[in-house]
Colleague: 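Pasting a structure here, questions to come.
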Amino acid sequence: MLKLCQAIVLASMCLLASCQSVPPATNPPVTKPITPAKPPEKPAASNVPTQPYALLKPASWAELPGLAKEDWVTSWRAWMQGCQGLKNKPDWQAVCAVALLVKADDAVAIQAYWQQYFNVYQTQQPEGASQGLMTGYYQPVLKGARTASARYPVPLYKTPGDLITVNLSGLFPELKYKRVRGRLQGQSLIPYYARADIEQAPSPLAGNELLWVNDAVEAFFLQVQGSGIVELENGERLPVGYADQNGHPYQSIGKLLVERGEMVASEASMQGIKTWGQQHPDELRALLDANPSYVFFKFLPAGLSGPLGALGVPLTAARSIAVDPFYIPLGAPVYLATTYPNSDTPLQQLMQAQDTGGAIKGGVRADVYWGEGEPAGKLAGAMRQQGQLWVWLPKTFPLPH
């Protein structure tokens, strides 16, 4: 037990120092060796806040670009969906209770509600910048089966029984939202299997399959998206969603291809990566393994209007976003100001922070949920532009001084 405690403390120290021990991959050599992606640059430690929401800066309604054109009725539906996940949380109970009294088709009453019960705060980066990266995600539809076959050889795994998750806030309160995942080896906690280890044959997770699908690249991007639909040959549609993750950091393979000179940044979309994989089948496995992060899935209830986000409510297409919950309260209304993918057309509207993601880190960072299927996938895959965020919080919401 002492060794386990020492391992947990060591892991937390590594987390603070951004170190990660990864078991060696066992894949055969490929034509072009994959160089690991450079870790993302981090702001100076002195700029990183020690308390959640500490970088929210008071702002005014007049600062929000395009607010006069907001479709209040459409955005209200996403907010009421969010209240299903917030109504029992003390900081949100009162505003969600009042929202039930507002007529859902009365734009004037909706706007008055926001201004009467909420204050506006602009988000910032730790170094003080107000601009940040805005990306997109969607719910893919994959072809699959309940059993493996030559047509469906790619597994989607359930959460493994030997995966251990340690919530570090229990040991270090300043590490709220930080977790260490691993597995026991003897009495020591060691990093969990990386993607390369899981994908080798035979896999250490053999026997833990949830479903089987027909395409490894589609399965990879299902993990990036976090949820999707697996459509069986009989037409049955099985919603699957994020259950857990192996604890390894997410590495962008698109960024890696750009660094290697395989494509320019404007081509490093989901569609561009899929095309590269079709053109380089012998190198594809090694490219995917360069992202050691691995997501496990579970079945979601049938009949949902959208995939379940981290708030526990179905996401609304073009109105739900994923955020970093250390900087933006999960469930908060967030006003987004950016542009549509591959366009100069402004995208300025009220969103709801109803999800999180392994790659969504920072004070000004959001991932827009675009919906289900190929059209949404094209928008999501192409979205990578700068933008600003304003968070709307109840006037009684406690913020650090």
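Given the structure is predicted, the values throughout are model-derived calculations rather than measurements.
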Colleague: Atom CD1 of Ile328 and atom OG1 of Thr356: how far apart are they, to the nearest 0.5 Å?
Modeller: 12.0 Å
Colleague: Strictly distance-based, threshold 3.5 Å: is any side-chain N or O of Lys395 a donor or acceptor partner for the main-chain N or O of Gln116?
Modeller: yes
Colleague: Do Arg195 and Gln223 have side-chain atoms, one donor and one acceptor, less than 3.5 Å apart?
Modeller: yes
Colleague: About how many Å separate CD of Gln81 and CG of Leu86, when rounded to the nearest 0.5 Å?
Modeller: 11.5 Å
Colleague: With a 4.5 Å heavy-atom cut-off, do Glu209 and Thr147 have their side chains touching?
Modeller: no
Colleague: Relative to each other, are the rings of Tyr113 and Trp76 parallel, tilted or perpendicular (30° and 60° limits)?
Modeller: perpendicular
Colleague: For residues 49-101, which residue pairs pass the disulfide (SG to SG under 2.5 Å) check, not counting sequence neighbours?
Modeller: Cys83-Cys96
Colleague: Output yes when a side-chain donor or acceptor of Asn208 lies under 3.5 Å from a complementary backbone atom of Lys158, and no otherwise.
Modeller: yes
Colleague: Measuring from atom CG of Leu133 to atom NZ of Lys361, what distance do you get when rounded to the nearest 0.5 angstrom?
Modeller: 14.5 Å
Colleague: For Pro239, what residues pass the side-chain contact (heavy atoms from CB on, under 4.5 Å) criterion, not counting sequence neighbours?
Modeller: Ile229, Leu300
Colleague: Is it true that the side chains of Thr316 and Gln352 contain a donor and an acceptor less than 3.5 Å apart?
Modeller: no
Colleague: Test your reading of the model: is there a side-chain donor-acceptor pair from Ser75 to the backbone of Trp72, 3.5 Å cut-off?
Modeller: yes
Colleague: Nearest 0.5 Å, what's the CD1-CZ distance between Ile321 and Arg319?
Modeller: 11.5 Å
Colleague: Under the side chain to side chain contact (heavy atoms under 4.5 Å, CB included) rule, what do Tyr53 and Phe397 come out as? Steps first, then yes or no, please.
Modeller: CA-CA 11 Å; Tyr53 324 138; Phe397 193 93; 4.0 Å; yes
Colleague: Mind listing the closest non-hydrogen atom pair of Pro314 and Ser305 along with its distance?
Modeller: CB-OG, 3.4 Å
Colleague: Could you tell me whether the side chain of Val230 reaches within less than 4.5 Å of the side chain of Leu156, counting heavy atoms only?
Modeller: yes
Colleague: Extract all donor-acceptor atom pairs below 3.5 Å that involve side chains of residues 57-66 and protein atoms in other chains or at least two apart in sequence.
Modeller:
unit_1 : atom_1 : unit_2 : atom_2 : d
Ser60  : OG     : Glu63  : OE2    : 3.4
Glu63  : OE2    : Ser60  : N      : 3.1

Colleague: Give a yes or no answer on whether the side chain of Asp197 reaches the backbone of Ala194 with a donor-acceptor pair at less than 3.5 Å.
Modeller: yes
Colleague: Rounded to the nearest 0.5 Å, what's the gap from OH on Tyr327 to CG on Leu389? Could you check?
Modeller: 13.5 Å
Colleague: Do side-chain atoms of Gln271 reach the backbone of Gly377 as a donor and acceptor pair under 3.5 angstrom?
Modeller: yes
Colleague: Determine all donor-acceptor pairs shorter than 3.5 Å in which one atom belongs to a side chain in residues 344-351; sequence neighbours excluded.
Modeller:
unit_1 : atom_1 : unit_2 : atom_2 : d
Thr345 : OG1    : Ser343 : OG     : 2.9
Gln349 : NE2    : Ala318 : O      : 2.6

Colleague: Going by side-chain contact (heavy atoms from CB on, under 4.5 Å), name the residues that satisfy it together with Pro281, two or more places apart in sequence or in a different chain.
Modeller: none
Colleague: Using every non-hydrogen atom in the two residues, find where Ala145 and Tyr152 come nearest and quote the distance to one decimal.
Modeller: CB-CD1, 3.6 Å
Colleague: Show your working on side chain to side chain contact (heavy atoms under 4.5 Å, CB included) between Asp355 and Leu311 and close with a plain yes or no.
Modeller: CA-CA 6 Å; Asp355 207 0; Leu311 187 63; over 6 Å; no
Colleague: Just grab all the salt bridge (charged side-chain N to carboxylate O under 4.0 Å, His left out) pairs involving residues 230-244, residues at least two apart or on different chains.
Modeller: Lys143-Glu231, Arg146-Glu236, Arg151-Glu233, Arg181-Asp244, Glu231-Arg237, Arg237-Glu372
Colleague: What I want to check is whether the side chains of Arg365 and Thr123 have a donor and an acceptor closer together than 3.5 Å.
Modeller: no
Colleague: Where do Ala104 and Val73 come nearest, in terms of heavy atoms and distance?
Modeller: O-CG1, 3.5 Å
Colleague: What residue pairs, at least two apart or across chains, pass salt bridge (charged side-chain N to carboxylate O under 4.0 Å, His left out) with a residue in residues 380-393?
Modeller: none
Colleague: My understanding is that only residues two or more places apart in sequence, or in another chain, count here; which of them pass side-chain hydrogen bond (donor to acceptor under 3.5 Å, both in side chains) with Gln354?
Modeller: Ser320
Colleague: What is the minimum heavy-atom distance between Val313 and Gly82, and which atoms define it?
Modeller: CG2-CA, 4.2 Å
Colleague: Do Phe297 and Ser227 come within less than 4.5 Å of each other through their side chains, counting heavy atoms only?
Modeller: no
Colleague: Leu100 vs Met80, test: side chain to side chain contact (heavy atoms under 4.5 Å, CB included). Steps then yes/no.
Modeller: CA-CA 8 Å; Leu100 294 174; Met80 294 305 292; 3.6 Å; yes
Colleague: Could you give all pairs that pass the ring pair (Phe, Tyr, Trp, His ring centres under 6.0 Å) test and reach residues 335-380, with sequence neighbours left out?
Modeller: Tyr137-Tyr369
Colleague: Could you name each residue pair satisfying salt bridge (charged side-chain N to carboxylate O under 4.0 Å, His left out) that touches residues 79-96, not counting sequence neighbours?
Modeller: none
Colleague: Carefully, step by step, assess Val323 and Val391 under the rule side chain to side chain contact (heavy atoms under 4.5 Å, CB included).
Modeller: CA-CA 11 Å; Val323 299; Val391 182; over 6 Å; no
Colleague: Which residue pairs satisfy the salt bridge (charged side-chain N to carboxylate O under 4.0 Å, His left out) criterion with at least one member in residues 268-280, sequence neighbours excluded?
Modeller: Glu218-Lys274
Colleague: Return the minimal non-hydrogen interatomic distance between Ile253 and Leu287, and the atom names on each side.
Modeller: CG2-O, 3.4 Å
Colleague: How close do Gly132 and Gln125 get, heavy atom to heavy atom, and via which atoms?
Modeller: CA-NE2, 3.8 Å
Colleague: Any donor-acceptor pair under 3.5 Å linking the side-chain atoms of Thr339 with those of Gln385?
Modeller: yes
Colleague: If you define the side chain from C-beta out and look only at heavy atoms, does anything of Ile164 sit under 4.5 Å from Asp162?
Modeller: no
Colleague: Got Ser130 and Val364 here, is their nearest side-chain heavy-atom distance under 4.5 Å?
Modeller: no
Colleague: Would a line drawn from the ring center of Trp79 to the ring center of Trp114 be shorter than 6.0 Å?
Modeller: yes
Colleague: Do Pro49 and Phe326 have side chains that approach each other closer than 4.5 Å (heavy atoms only, starting at C-beta)?
Modeller: yes
Colleague: Quick one about Ser293 and Gln245 (side-chain donor to acceptor, distance below 3.5 Å, no hydrogens or angles considered), yes or no?
Modeller: yes
Colleague: Side-chain contact test, heavy atoms from C-beta onward, threshold under 4.5 Å: evaluate it for Trp92 versus Leu393 and give yes or no.
Modeller: yes
Colleague: Please report the interatomic distance CG(Leu257) to CD(Glu283), rounded to the nearest 0.5 Å.
Modeller: 9.5 Å
Colleague: Side-chain contact, heavy-atom cut-off 4.5 Å: Tyr294 with Tyr157?
Modeller: yes
Colleague: Between Asp324 and Gly363 (side chain of the first, backbone of the second, donor and acceptor by atom type, cut-off under 3.5 Å), is there such a pair?
Modeller: no
Colleague: By the ring pair (Phe, Tyr, Trp, His ring centres under 6.0 Å) test, which pairs, at least two apart or in different chains, include something from residues 194-236?
Modeller: none
